[in-house]
Amino acid sequence: MGRKGHSKAPVPTWAGDGDAPLAQLPGVTATLAEKLGKLGLQRVQDLWFHLPLRYEDRTRVSAIRGLQPGVPAQVEARVEAVERSFRFRPMLQVAVGDDSGASLVLRFFHFTSAQVAQFTVGRRIRAYGTPREGRAGLEIAHPKYQFLADADEAVLSDRLDPVYPTVEGVSAPALRRLIGLALQRLPAADELELLPPATLSGRGLPDLRDALLSVHRPQAGADTGLLAQGLHPAQRRLALEELLAYQLSLRRKRMAIRRLGAAPLAGGDAVLARLRTQLGFALTGAQERVLAEIEADMARPEPMLRLLQGDVGAGKTAVAALAAVRAVAAGRQVALMAPTELLAEQHLATFRRWLQPLGLRVAWLAGKLAARERRQALAAIADGGAQVVVGTHALMQEGVAFADLGLAIVDEQHRFGVHQRLALRDKGLSGERVPHQLVMTATPIPRTLAMTAYADLDVSVIDELPPGRTPVQTVAASVERRGELIERIRVACADGRQAYWVCTLIDEESGTSGGEQAGYGRGAPVPSPAQAATSLYEQLVGDLPGLRVGFVHGRMKSADKQATMRAFKDGQLDVLVATTVIEVGVDVPRASLMLIENAERLGLAQLHQLRGRVGRGAAVSTCVLIYQPPLSALARARIDTLRQTTDGFAIAQKDLELRGPGELLGTRQTGLAQFRVADLLRDAPLLPLVQHIAADLLARDPERAQRLIARWVGGAERYAGA
Ligand code: ADP
Ligand code: MG
């Protein structure tokens, strides 16, 4: 492929006919091409990678006597009786029997008279479907069938039949035919192959051509169990290549950023020492370790790209503050962006408390600033008067220009998309230099997932909580026990404790229902969160005379919200009724009772976040998950997990198992939900190999790496822009 490095010529992505538009296939009209195009099927190779969802095994015939309910099978039999009825709705039942001496009912609800006429007693039929237990023995509803002439030899397919994900407006047989045509255009194995040969040999993995052919049309006798689980060598090979392409694409982006360079930020030990005394606590070993990792990165002339993971309450803010002061001491500005105004305001208060006594200037920028304040903030940001700027998304808006941004910190990364993270970084672009980036998240991401989702970031983990915390006790209670729970609050508050009662029907920050992630039950009318929370608030005020009950929700004015939160924090309120506005980052150490309403509707990560609001002081804290029975199996699994563990990583792993990686990360976040073959949970064991090959390819054959990216990530990467 000519010389290495940057070449001006467009990179050839694909050997053979893969790049040809689908319209070149016989029978693909403009209308059909448009339908396919809407689903991302544009080139011939797109059909190569449109893989079957499952298979139908019609390579053999089973005896009716041996059929198992629920196990798909093909039978050959003779029609024994035909019955057409109209009792509740039209129905056709055809009894068929075979040489095994057993019979089976084929049942149809949709049929034409012409169809009925074909079923004559004694006729030979071959039928395929999944038998179920019916009223009079086994039956198959709507089997696939064909009639056989008496003389017909039983010619059977020697391949499993693929069942493809449907493409709207294209019939299944038409799609199968098209894919067959596309596969005929597969180039020779060595032209198609992009993986280094050493990768496959010795691992029992086929080359790409073989893999595609055996995934589309597995041979009779192929291990259908493995195929169904996606663990067949052909599927694993495809998953390996897809994961590799994503890994390469993320690593390349990261290399591109690294090349831009950054200002090394070091020095200022004296002021850091003063901040440490200012904090009022000693850092934990884990905090010290991650801080050292961060400082080592910041001292280098290339931008830090680091994800700081730490469970709820692990103390990420203090680490961020120390990093910020390091940057300021080196003469640069720091931006700290949080996803909600409430959380940003809390950071502002914390940073002012810690940094102002050191003589540092901390500015504030959020959406709701008055015009004059906003002008002043912008001016201070632009002339460098503001050394640390805390704010919300407003930090990324146009018109915000930093004098010299050296460090961009993004808190609660999971609430932002990748693009927003990059936008903040771009605020600091000056010439060829970019700011160092630290992104923090309390949503623990299992290591395997992090390796893929954040291959463009280094990861530091605070895996230890500050001392003196007692694990939160978690219990579940049906709503029917609300009275008891209210009594429990009365007792706790009489004892000087404080309680949260959270109504969580809707995630107000993003405007989507929390249930969207959690699998909302359908059908039940869902009251608006404000209504639900308001009526709960009124009930508590009535039932808890003598206690001070406050109420915060997302639609309140920011100042009112702040005032209420502050009153709760200062102990002027005993009970705080809240919607999910309190979800992230809010810190009130004296609160030790957390009640979560409609817990069955929330995802594990969100429940864990909410629970993390308590257990921050020395008192034993309790979290009550209030649910509306009956619990679905999934909701029960979530609640059981929370009762069993408070370890965020264990919870994240469970969440991954229950929901899958796309849900866990959110589709906004990455293209992970759009993997065509790979499944991060299932294919996690491939990841070390993927990383190894990625590093090797980038070093030794960047052009091949580029072709792999183009094959699998293609357009998606172009749009993401690095
Ligand atoms: P998170 O990691 O969830 O953002 P925070 O930074 O809000 O956690 O810290 C939670 C609480 O723990 C805060 O009140 C903070 O001041 C306190 N904290 C942080 N580090 C320590 C420590 N090493 N020792 C004692 N308390 C700490
Ligand atoms: Mg935090």
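Source: prediction; values computed, not measured. Every number for a ligand or one of its atoms is a count from 1 in the order of the listing.
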Short N-O contact, [X] and [Y], less than 4.0 angstrom:
X	Y	result
Asp458	Arg258	yes
Asp495	Arg490	no
Glu288	Arg276	yes

- Out of Thr284, Ile462, Thr317, who gets a non-hydrogen atom closest to atom 7 (O) of ligand 1?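 Closest candidate by heavy-atom distance is Thr317.
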
- Counting heavy atoms only, which of Pro466, Gly648, Gly280, Gly313 is nearest atom 26 (N) of ligand 1?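 Looking at heavy atoms only, Pro466 sits closest to atom 26 (N) of ligand 1.
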
- Query: How far does CG of Leu336 sit from CG of Leu438, to the nearest 0.5 angstrom?
  - Reply: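 Interatomic distance, Leu336 CG to Leu438 CG, rounded to 0.5 Å: 9.5 Å.
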
- Quick one: look at Met440 and ligand 1, take heavy-atom pairs under 4.0 Å, and tell me if it's side chain, backbone, both or neither.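 It is neither; nothing of Met440 touches ligand 1.
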
- Task: Please test Arg636 against Asp640 for side chain to side chain contact (heavy atoms under 4.5 Å, CB included), starting from the C-alpha separation and ending with a verdict.
- Result: CA-CA 6 Å; Arg636 179 171 299 281; Asp640 285 347; 3.7 Å; yes

- Message: I want to know if ligand 1 touches Gln287 in the polar sense, i.e. an N/O pair below 3.5 angstrom.
- Response: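 The answer is yes, given that Gln287 and ligand 1 share an N or O pair closer than 3.5 Å.
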
Hey, does [X] sit under 4.0 Å from ligand 1 if you only count heavy atoms?
X	result
Pro589	no
Ala282	yes
Gly310	no

- If you count the atoms of ligand 1 from 1 in the order shown, which ones are under 4.0 Å from a heavy atom of Leu283?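 Under 4.0 Å from Leu283, ligand 1 has these atoms: 23 (N).
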
- Examine distances only and state if a side-chain atom of Gln247 and a backbone atom of Gln691 form a donor-acceptor pair shorter than 3.5 Å.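 A pair under 3.5 Å: no.
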
